[in-house]
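Hydrogens, waters and symmetry mates play no part in the numbers below; they use all other heavy atoms, side chains included. In what follows, every chain begins at residue 1, and chains take the letters A, B, ... in the order their sequences are listed.
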2 protein chains.
Amino acid sequence: MSDQKSNHDTRERILDVAERLFMAHGYEGTSMRMITTGAEVNLAAVNYHFGSKEALLREVFRRRLGWLNRERLQVLDALESEAAGAPLKPSQILEAFFGTLLRIGEDSSLGGMTFLRLLGRTLTEPAEFIRTFFASEYAEVIDRYKQALFTALPDVPKAEIVWRLHFMLGAMSYAIAGTDVLRVVTGCELGDLAGEGTADAVDDPALARRLAQRLMPFLLGGLRAPLPLGLESRTFSLASSSEDDAQAQTPNHLQEKQS
Amino acid sequence: MSDQKSNHDTRERILDVAERLFMAHGYEGTSMRMITTGAEVNLAAVNYHFGSKEALLREVFRRRLGWLNRERLQVLDALESEAAGAPLKPSQILEAFFGTLLRIGEDSSLGGMTFLRLLGRTLTEPAEFIRTFFASEYAEVIDRYKQALFTALPDVPKAEIVWRLHFMLGAMSYAIAGTDVLRVVTGCELGDLAGEGTADAVDDPALARRLAQRLMPFLLGGLRAPLPLGLESRTFSLASSSEDDAQAQTPNHLQEKQS
DNA sequence: CTAAGATTCAAACGAACGTTTGAACTAGGC
DNA sequence: GCCTAGTTCAAACGTTCGTTTGAATCTTAG
């Protein structure tokens with residue numbers, strides 16, 4: 001009751017409410033009045049503390065992405081220095097990149113499932129300033145991990161790695177953002193399917209752990225899939241020779257079945 | 001110059017422009033005035049012909065999804081009757097589901113890349129009426145394909161199949177919707193990476209073909225990835241015994257590396 | 001030609017939007 | 001006490017939103 005609580009209190013309360021509402025209704029679908037009413041502050045408070053609605057959104061993300069970016073770079077640094085020059089295994093890289101992200105969902109002080117879902121959903125927002133913001137926020141980390149994958153998979157065309165990184169980002173982004181979408185589409189609750197009964201488990205931190213356990217093998221399987229026809233140029237070695245990354249190397253007969 | 005062209009002309013022109021603008025700016029980010037100005041019709045034309053902005057969006061999708069749903073069911077029917085009771089191969093099911101979709105991108109009369117990107121982007125729209133609409137439009141097809149995958153992979157827990165179907169939908173949705181996102185993030189144009197030089201190839205029908213060739217192996221690899229730890233309950237047989245679906249069955253050591 | 005229906009048009013509607021204003025209130029230092 | 005800087009407040013700003021209106025125009029059939 002002593003320290004200047006009002007400042008911090010108002011700012012944080014606005015950020016918390018905005019985070020939740022942006023997640024539920026998107027950027028354009030969330031009005032200043034919804035935010036200020038939910039945070040029980042005056043309408044002018046957002047513009048006073050943050051300057052504008054756009055700046056508020058940026059601050060909502062900056063508050064969380066700082067930790068994420070730092071952690072991602074740090075984990076990758078640790079892996080690379082531990083490997084002492086030897087190329088990393090793809091599984092290690094994916095675990096560092098996606099595992100770090102999914103750990104946010106387990107820790108409410110890092111944003112929890114709310115921020116995780118907001119992040120996944122906002123990546124597909126069409127507004128220009130949002131794209132620009134994410135491009136600058138993500139550029140360094142994405143580039144580091146891209147290079148790490150290039151080194152880990154020297155015989156795979158770089159274009160193919162970028163495509164698959166794109167696919168992996170999509171699978172994860174959609175998976176965390178659209179849990180309710182799938183629930184509606186499939187007509188059954190994910191928790192039930194997974195054997196855990198709690199109905200409103202969307203915000204459950206345990207969901208993040210289960211999601212990670214499910215998502216990681218899927219992503220790794222996709223990353224190490226056989227190359228598309230016409231691209232197995234060199235010796236075919238998507239999977240490295242290290243023990244746990246060994247994988248069958250069967251050609252795929254998926255393409256041109258009926259077109 | 002005889003048939004009542006004005007009606008058809010106005011309606012189609014509105015739908016075409018709305019399709020493009022919804023794709024570029026999202027539902028909330030596209031105003032009636034943007035649409036009517038772009039289509040060179042009066043502001044009241046949309047409400048006259050469609051009733052409301054929401055109804056317009058629904059009609060934009062109904063115009064295209066009819067073909068898609070019909071084709072997807074038809075292709076699956078053909079496969080199942082051809083198999084004469086034998087379970088389908090997962091690769092066939094994925095080819096039927098995602099190949100049919102991606103063929104839209106190659107044919108501008110089915111909507112082309114514009115509709116494809118619109119579809120991918122709209123799946124993550126937060127507006128409630130959009131979710132409801134897609135749930136009803138997709139329910140039947142998704143259920144049929146889900147059942148087909150259950151049959152094709154009898155030894156895989158159904159929950160796991162639903163999760164991976166979810167992941168696959170996400171990878172594809174994001175891949176077609178967010179090509180420019182990746183371009184910004186990675187700082188390099190996808191066409192260049194793929195070796196094809198054309199700069200503004202986002203709307204190129206050939207992109208759909210390339211995308212399909214890249215996406216399908218990734219999805220299949222993810223679908224057939226080893227089960228997460230603690231779920232290899234029965235005999236481990238994610239991959240069927242048929243020739244082209246054979247796959248190595250190595251356990252994965254991804255989980256619990258450092259948490 | 002004319003009456004009837006379908007379509008287009010300019011103009012306006014009320015509501016909601018993000019933002020700004022200027023006064024009121026709340027601290028802490030002198 | 002008063003002053004100053006930081007914060008909150010009610011009220012209004014101008015703009016844009018989706019929608020509606022009623023007259024004008026076009027199309028078609030009798």
Side-chain angles (χ1 to χ4, degrees), chain A residues 1-61 122 125-130 132-133, chain B residues 1-61 122 125-130 132-133:
Chain A
M1 62 175 68
S2 55
D3 46 13
Q4 70 276 37
K5 66 152 197 178
S6 65
N7 181 353
H8 265 220
D9 229 36
T10 301
R11 275 184 61 100
E12 292 287 310
R13 216 159 58 239
I14 290 176
L15 289 173
D16 288 341
V17 172
E19 188 172 70
R20 183 163 43 81
L21 290 179
F22 283 149
M23 181 269 284
H25 307 108
Y27 175 74
E28 309 252 26
T30 303
S31 70
M32 299 259 112
R33 285 163 178 85
M34 291 166 65
I35 296 171
T36 52
T37 301
E40 299 181 279
V41 300
N42 188 268
L43 173 59
V46 171
N47 284 283
Y48 174 78
H49 284 285
F50 302 97
S52 69
K53 189 185 177 187
E54 292 194 3
L56 170 62
L57 179 95
R58 277 191 288 263
E59 191 54 34
V60 165
F61 280 97
T122 310
E125 283 271 359
E128 187 56 36
F129 86 96
I130 298 182
T132 307
F133 172 72
Chain B
M1 61 174 69
S2 56
D3 45 14
Q4 69 277 38
K5 69 148 198 180
S6 65
N7 182 351
H8 263 221
D9 228 37
T10 302
R11 274 184 62 101
E12 293 287 309
R13 214 159 59 238
I14 290 176
L15 288 174
D16 288 341
V17 171
E19 189 172 69
R20 183 162 44 81
L21 291 178
F22 283 147
M23 181 272 283
H25 308 106
Y27 175 75
E28 309 252 26
T30 304
S31 71
M32 300 258 116
R33 286 162 177 85
M34 291 165 66
I35 296 171
T36 52
T37 300
E40 296 181 283
V41 300
N42 187 269
L43 173 58
V46 170
N47 285 282
Y48 175 78
H49 284 284
F50 301 97
S52 70
K53 188 186 177 187
E54 292 194 2
L56 170 63
L57 180 94
R58 277 191 289 263
E59 192 54 34
V60 164
F61 280 97
T122 311
E125 283 272 357
E128 187 57 36
F129 86 95
I130 297 182
T132 307
F133 173 72

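Relative to the side chain of Thr10(A), the nucleotides dT8(D), dT19(D), dT19(C) differ in distance, and dT8(D) lies closest. In this structure, the nucleotide among dC9(D), dA6(C), dG6(D) sitting nearest to the side chain of Tyr48(B) is dA6(C). Nearest nucleotide to the side chain of Ser31(A), out of dG18(C), dT20(C), dT19(C): dG18(C). Nearest to the side-chain atoms of Asn47(B) among the listed nucleotides dT19(D), dT7(D), dT19(C) stands dT19(D). Closest to the Met32(A) side chain, of the nucleotides dT19(C), dT8(D), dT19(D), is dT19(C). For Ser52(A), counting side-chain heavy atoms from C-beta on, the closest listed nucleotide (dT19(C), dT7(C), dT19(D)) is dT19(C). Comparing atom distances between the Ala44(A) side chain and each of dG18(C), dT7(D), dT21(C) picks out dT21(C) as nearest.
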| request: Walk me through it: do Ile14(B) and Phe50(B) pass the test side-chain contact (heavy atoms from CB on, under 4.5 Å)? | output: CA-CA 10 Å; Ile14(B) 290 176; Phe50(B) 301 97; 3.7 Å; yes

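With DNA chain C read from its 5' end, the first of the two nearest nucleotides for Thr30(A) and Leu43(B) is the one closest to Leu43(B).
Note: CZ (Phe50(B)) to C1' (dT7(C)) measures 14 Å, nearest angstrom. Between the NZ atom of Lys53(B) and the P atom of dT19(D) there is a distance of 8 Å, given to the nearest Å. For Glu28(B) and dG18(D), the CD to C1' distance is 12 Å, given to the nearest whole Å. As a whole-Å value, the separation of Leu56(A) CG from dT19(C) P is 10 Å. Rounded to whole Å, atom C1' of dT7(C) lies 13 Å from atom CG of Asp9(B). Between Met34(A) atom CE and dG18(C) atom C1' there is a gap of 14 Å when expressed in whole angstrom units. At whole-Å resolution of the value, CD in Glu54(B) and P in dC17(D) are 17 Å apart. Atom CZ in Arg33(A) sits about 16 Å away from atom P in dC17(D), given to the nearest Å.
Residue Thr36(A) is classed as having no contact, given no heavy-atom separation below 4.0 Å to the nucleic acid.
Side-chain N/O atoms of His49(B) include one lying less than 4.0 angstrom from OP1 or OP2 on dT8(C). Considering only side-chain N and O atoms, Asn42(A) lies under 4.0 angstrom from the phosphate OP1 or OP2 of dA10(D).
The line from CZ of Phe61(B) to CD of Glu19(B) is 8.0 Å long, rounded to the nearest 0.5 Å. A distance of 13.0 Å separates CZ in Arg58(A) from NZ in Lys53(A), rounded to the nearest 0.5 Å.
A distance below 6.0 Å separates the ring centres of Phe129(A) and Tyr27(A).
The two residues Thr30(B) and Leu21(B) make their nearest non-hydrogen contact at OG1-O, 3.1 Å.
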